[in-house]
There are 2 protein chains.
Amino acid sequence: MSKKYFKPMSFSITEENYIKAIFHLQQEEGTVSTNDLASVLSTRAASVTDMLKKLKTKKLLSYEKYKGVRLTSEGKKLALAIVRKHRLWEYFLVNKLQFGWDEVHEVAEELEHITSRKLVEKLDAFLGFPRFDPHGDPIPDSHGKMLVQQQINLIDLPVNKTAEVCAVGSQSTELLELLRHKNIGIGTKLEIKKKFSFDHSIEIRVRNQPAFTISQQLAQALFVKTV
Amino acid sequence: MSKKYFKPMSFSITEENYIKAIFHLQQEEGTVSTNDLASVLSTRAASVTDMLKKLKTKKLLSYEKYKGVRLTSEGKKLALAIVRKHRLWEYFLVNKLQFGWDEVHEVAEELEHITSRKLVEKLDAFLGFPRFDPHGDPIPDSHGKMLVQQQINLIDLPVNKTAEVCAVGSQSTELLELLRHKNIGIGTKLEIKKKFSFDHSIEIRVRNQPAFTISQQLAQALFVKTV
DNA sequence: TAATAAATTTAGATTTGTCTAAAAAATATT
DNA sequence: AATATTTTTTAGACAAATCTAAATTTATTA
């Protein structure tokens, strides 16, 4: 009666996408609402309700009518496995196939659903067990553990303190296009020269380049660690 | 009104699997029967009929009731694109991720349905534009062209003529396990020392190793090119 | 060629994931 | 607290891909 004889349940791509979405929403708010899920998944609340009932019977989440939803530890385990695959593939696409870091998200959304466990482990080894993906997000290891970086929002960085960009707040192509234009990426070292309270824009300096200002919205979308 | 503005139709994984199966069956027989398809796809004849009607409206194949089916040039183009992806991924799995060549088929069956065109082209470049996959099958290029190797069945190789294994007749794990045990793979150089008409077994010699005999069935599953 | 067998198609049902519209519950407002 | 608003759930329907069972067409054979 050993663990070996549990046959691992498998889930549809749709189910996996629900689990992943709940996982990400759960980071901020404790429990996740039907409407939020519907909006993130571009579907209708009624569809979400149906799926939640199904995923509850599969023990991936706990759900009470009208009370919102939380992943069980089983659900979290699955979510981490999917996130792991997503970020490993992103790393592969950028560092081996020479994709731009702003064009890998959609492809990784597909690749993350490939089921072979062996593939993931071999890919991880091939890539040299990277700890962070090209957007600066941590990659869970094979046990679901990931390093947490001591990172703060750029808007909160004190003036004249050098820091390194280590994550972005969203994967939208609009943001990534802007960053590319301004030549800012993961690993970019910068410091704030001035904060303008009028519009909360900030003047930053990258390396030895001349200073320039960025908007509040952009600053809020960047996370840095002090170096 | 240029080609650019055609939006490329996209197909479900199921539809792609039908197209691929028809493509492979079509190689041998001219037209493909409903029952053969059902058997290859592990489904029922009735389901096949339904799908054929659908794929006909999508102009991927020509189909008349009770008359069997053939791919149109559109269908062939799609099939070649899928085969290309399948074989490129197999090459990747074996030559970059260190998979055994007998364990890549199932994973490649999943990876071949990833849609990004850019991914395929970049993968191809990353791999150095390989012409043959780990089983010796030719990889179509981005235009769907593939090299045809001058290959013959091992059973037809003349005695004492050195040849190189370049393809296998099936991907069954049973076959691949046997080949692994006997240390025969793509690229193995060998020659036939003797043919036994009693059971059609043959005695072969690999490199400088002692000769050994293999069964008719095994010999028929191996393709070689003379060197 | 008529009868039989095999292959194929139709008809109707099922499952998965979705939808709309309406009902019910929770939350907010006066 | 009563009413209005928002959120969520139910009920019923739909499309995709499948199934079984029955009907039809083609092929075989006596």
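Letters A, B, ... mirror the listed sequences (proteins, then strands); counts begin at 1. Below, each value reflects all heavy atoms present in this structure, side chains not excepted, and no hydrogens, waters or symmetry copies.
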ask   = Which residues, if any, of residues 17-25 of chain B bring a heavy atom under 4.0 Å of DNA chain D?
value = B/Y18
ask   = A/E15 CD to C/dT18 P: how many Å, rounded?
value = 10 Å
inquiry  = Restricting to side-chain contact (heavy atoms from CB on, under 4.5 Å), what partner residues turn up for A/S142, sequence neighbours left out?
reply    = A/R84, A/E121
inquiry  = Just the rounded figure in Å: distance from C1' of C/dT16 to CD of A/E16.
reply    = 16 Å
inquiry  = I'd like to know if the side chain of B/E110 reaches the main chain of A/T115, judged simply by a donor and an acceptor atom lying under 3.5 Å from each other, with no hydrogens or angles considered.
reply    = yes
request  = Sequence neighbours left out, what passes side-chain contact (heavy atoms from CB on, under 4.5 Å) with B/D50? Give chain and number order.
outcome  = B/K53
note = In whole angstroms, the gap separating C1' of D/dT8 from CG of A/L52 amounts to 11 Å
key: Residues forming a salt bridge (charged side-chain N to carboxylate O under 4.0 Å, His left out) with B/K56, sequence neighbours excluded   = none
request  = Provide, to the nearest angstrom, the distance between the CE atom belonging to A/M51 and the P atom belonging to C/dT16.
outcome  = 10 Å
task = Quick one: which residue pairs count as a ring-ring contact (aromatic ring centres under 6.0 Å, His included) with a foot in residues 9-61 of chain B, not counting sequence neighbours?
result = none
remark   = So ring-ring contact (aromatic ring centres under 6.0 Å, His included) across residues 123-142 of chain B, not counting sequence neighbours, yields B/W101-B/H135
task = Please identify each residue that fulfils salt bridge (charged side-chain N to carboxylate O under 4.0 Å, His left out) with A/K118, with sequence neighbours left out.
result = B/E103
query = With sequence neighbours excluded, what pairs up with A/R180 under the salt bridge (charged side-chain N to carboxylate O under 4.0 Å, His left out) test?
reply = A/D102
ask   = Are B/T34 and C/dT9 close enough that a side-chain N or O sits under 4.0 Å from OP1 or OP2?
value = yes
query = Touch check for A/T49, heavy atoms < 4.0 angstrom, all strands: base, sugar-phosphate only, or nothing?
reply = base
note = Hits for salt bridge (charged side-chain N to carboxylate O under 4.0 Å, His left out) against A/E106, two or more places apart or cross-chain, chain-then-number order -> none
Taking N or O atoms only and anything under 3.5 Å, show me the protein contacts with nucleotides 19-21 of chain C, one pair per line.
residue	atom	partner	partner atom	Å
C/dC19	OP2	A/T43	OG1	2.5
C/dC19	OP2	A/R44	N	3.1
C/dC19	OP2	A/S47	OG	2.6

inquiry  = Measuring to OP1 and OP2 of C/dA6, would you say a side-chain N or O of B/N35 lies under 4.0 angstrom away?
reply    = no
key: All side-chain contact (heavy atoms from CB on, under 4.5 Å) counterparts of B/H105, not counting sequence neighbours   = B/H86, B/E90, B/E109, B/Q171
key: DNA chain D-proximal residues of residues 59-70 of chain B, any heavy atom under 4.0 Å   = B/Y66
task = May I ask you to decide if A/L60's main-chain N or O and A/T72's side chain share a donor-acceptor pair within less than 3.5 Å?
result = yes
remark   = Taken to the nearest whole Å, NZ/B/K58 to P/D/dA16 is 8 Å
